[in-house]
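Encoded as structure tokens, the structure appears first; notes follow it.
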Amino acid sequence: MINIKFPDQSIRQYSEGVTGLDIARSISEGLARNVLAIKVNGEVWDATRPIFQDASIRLLTWDDDEGKATMWHSSAHLMAEAIESLYPGVKFGVGPDIENGFYYDIDFGDYQISSDDFKKIEDRMMEFARQKQEFKRRNVSKDEALEYFRRKGDEYKVELINDLEDGSITFYESGQFTDLCRGPHLPNTSPIKAVKLLSTAGAYWRGDEKRKMLTRIYGITFPKAEMLAEFLNMLEEAKKRDHRKIGKELDLFHFSARVGNGLPLWTPRGALLRERLMDFLKKELYKRGYVLVASPHIGNVNLYKTSGHYEKYGADSFRPISTPEPGEEFMLKPMNCPHHCEIYNRKPMSYKELPQRYAEFGTVYRYEQSGVLHGLTRVRGFTQDDAHIFCRPDQLKEEFIGVIDLVIFLFKTFNFNNFITQVSLRDPDNKAKYIGTDENWDKAEQAIIEAAEEKNLNPILAKGEAAFYGPKLDFIVKDAIGRKWQLSTIQVDYNLPERFELEYIGADNQRHRPIMIHRAIFGSIERFVAVMLEHTAGKLPLWLAPTQVIILPVSEKYQIYAENVSQLLKNSEIRSLIDDRNEKIGKKIRDAELQHIPYMLIVGEKEEMNNTVSVRKQGQGDMGSFSIKEFMDAVNNQVQDFL
RNA sequence: GCCGAUGUAGCUCAGCUGGUAGAGCAGCUGAUUUGUAAUCAGCCGGCCGGCGGUUCGAGUCCGUCCAUCGGCUCCA
């Protein structure tokens, strides 16, 4: 007998060789039907794999991320089986589960697969799923594995196997399909009750653009048909919230091929929104001891050679600008930091003057590959809400805490209540590839982790994810429909202080090297606007709305009164418009609602007589009648914290 | 950049197997003078993404370039 410990710490005894499925069945038949996999001592196993030793276990169902992952991984096999049966001779690359579903990279030879083929494949997948095909795990020797796929003519699998250790290789068989696979998998295909293939895409074999491009097919499966319907609804909702669509509808920004792709043009309304965001942030920066600096859009090539950016952005980015002076070249700045380093460098700095916190809404230019451009989230010219903090090593933690506070304050302000954080640390097995001393790295990593813990961030620790120049802390927000966006980043940099020979004079009268912290809260204004629009579905808060109030005269007779109201609002710095079109009030309200204008003021005979406005709040309807002053006070009250 | 798809009026879209462009919304004009999510009528508006080709004839077929979309890769 062996002892099996459950998540609630209770222990039950089972005979050796018991499987997850057996354990589930010993609890209830219902659980046995729902169990997709089992976690054994922290490792996810097939629910059908026998357990021979004492173990802590957790039965995994659809409600567990690992349960979903197992199902989607098995679904990738199911899709591969369906595709192999429909298109014999295709070759398979890799087919993992991903955050929302799974994909498989496939070499279809000469056949050009398209979404028209999806229905056929989905039907075949469901047919196989209903057959309740079992997933059978089998250990194979490297020779046997190679032999199998050589005979099958699948060079991709052969390549994968060649990279594996003999003795660690497993095959999974389901129906007519055998795949090289680590697993785990479902006991059988029956939990898969709904299938949807989502898209095709080209994907380089092993992510290497020099190698062959395979066809990737994305799909998702569910244990219930209703869940698929829900998922498809969510996709619809995401489409409705697409910032590119909202940006057009609300007339915020525009792209012109004549200006150049990836170069956003901000319309009057959009520019206003940007200004509001930047003004708000500036005010916070002053409060928190930052100082604004400013630098030009170009800098001498030598600046970027010193910083190392030339190497990174020189060849594949906008080409340097030449001048009448032979040999003289300037670059559009891809980063603000070199300029800020030179601002720091302008005079000897005392330890008493640190930290220096330089902030700039700096517009930078990077020649992104045409295929990656995407609305406002990926562009070629964008404005970072950038800042660089130059501090002493003993100030690092405190500075981190300061930035974390600012980030949290802003997330709260913008209603991003759901976010995760990640600390990127260096790879402990490969310390050589990082610049900076061992001691400094240890201290910095420690400082970041401590700062994050003090702020209860509960960060994910990602070893080996740090840049070569320093560890960092990233903030990833989840928007209203659960999508993740990386916004804020705080990065330690040992590299630039070195390259720019930054110094301060310490209390010991010796020269010391300051530490530099890069930090951006919004990331870029462009991206932040995009995320805001998708998060709010275009319903911007009052203080950000380009038009805060629209005055709707019931008929032309009240035009003069409407203008009077408008003037009063303007005097009070409330952004308003009059809808003086010859339309009925219902129509004007409808259009204002669709434009998500926070307040509508209906004015007619009653209002003109009593010097009032009838207030309608966007999304909520009629709020009743108020004096103009009452209304203005209420508006000013709501926005005052943001001015 | 690469793979695939798409590109028709300011916006959203229709236009079958090639015969020379259509709707709704927006805009303009007029009528109506309106009370909390679409008043009616008329009008304007298109080198059918650009360039080449096939054809008597191309929005429709072919090539090419550009842009957009979904991915790969990269990143804010």
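Labels below follow one simple rule: chain letters A, B, ... track the order of the sequence lines, proteins then strands, and each chain is numbered from 1. What's counted below: heavy atoms across the whole structure, side chains too, no hydrogens, waters or symmetry copies.
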Selected nucleotide, minimal atom distance to [X] side chain, candidates [options]:
{"X": "A:Ala203", "options": "B:rU68, B:rC72, B:rC11", "value": "B:rC72"}
{"X": "A:Gln369", "options": "B:rU68, B:rG70, B:rG1", "value": "B:rG1"}
{"X": "A:Gln486", "options": "B:rC72, B:rA76, B:rU12", "value": "B:rA76"}

Taking 4.0 angstrom as the limit, do A:Asp242 and A:Lys240 come out as a salt bridge? no

Does the pair A:Glu360/A:Lys333 count as a salt bridge with the N-to-O cut at 4.0 Å?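 Salt bridge: yes.
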
Measure the distance from NE2 on A:His254 to P on B:rU68 and round it to the nearest whole Å.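 Computing the A:His254:NE2 to B:rU68:P distance gives 12 Å.
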
Have a look at A:Ser370 and say if it touches a base, only the backbone sugar-phosphate, or nothing, with a 4.0 Å heavy-atom cut-off. base

For A:His535, which of A:Phe416, A:Phe411, A:Phe414, A:Phe528 qualifies under ring pair (Phe, Tyr, Trp, His ring centres under 6.0 Å)?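 That would be A:Phe416.
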
Show me the donor-acceptor pairs within less than 3.5 Å that the side chains of residues 251-269 of chain A make with the rest of the protein, sequence neighbours left out.
| residue | atom | partner | partner atom | Å |
| --- | --- | --- | --- | --- |
| A:Ser256 | OG | A:Arg258 | N | 3.1 |
| A:Ser256 | OG | A:Val259 | N | 3.2 |
| A:Asn261 | OD1 | A:Arg380 | NH1 | 3.3 |
| A:Thr267 | OG1 | A:Asp251 | O | 2.7 |
| A:Thr267 | OG1 | A:Leu252 | O | 2.8 |
| A:Thr267 | OG1 | A:Gly270 | N | 3.2 |
| A:Arg269 | NE | A:Leu250 | O | 2.7 |
| A:Arg269 | NH1 | A:Thr547 | OG1 | 2.9 |
| A:Arg269 | NH2 | A:Leu250 | O | 3.4 |

Reading 5' to 3' through nucleotides 45-50 of chain B, protein heavy-atom contacts under 4.0 Å coded B for base, S for sugar-phosphate only, - for none: ------

The contact string for nucleotides 33-44 of chain B, one letter per nucleotide 5' to 3', using protein heavy atoms under 4.0 Å with B, S and - for base, sugar-phosphate only and none, comes out as BBBBBBB-----

Assuming nearest nucleotide by heavy-atom distance, tell me which of A:Tyr218 and A:Thr215 is located more 5' along RNA chain B. A:Thr215

Here's a test of your reading of the structure: between A:Leu373 and A:Gln491, which maps to the more 5' nucleotide of RNA chain B?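 That would be A:Leu373.
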
Greater than 12 external heavy atoms within 6.0 Å of A:Glu99's CD: no

Could you check whether the side chain of A:Tyr204 and the base of B:rG1 have a donor-acceptor pair of N or O atoms closer than 3.5 Å, going by distance alone?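 Side chain to base: pair present.
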
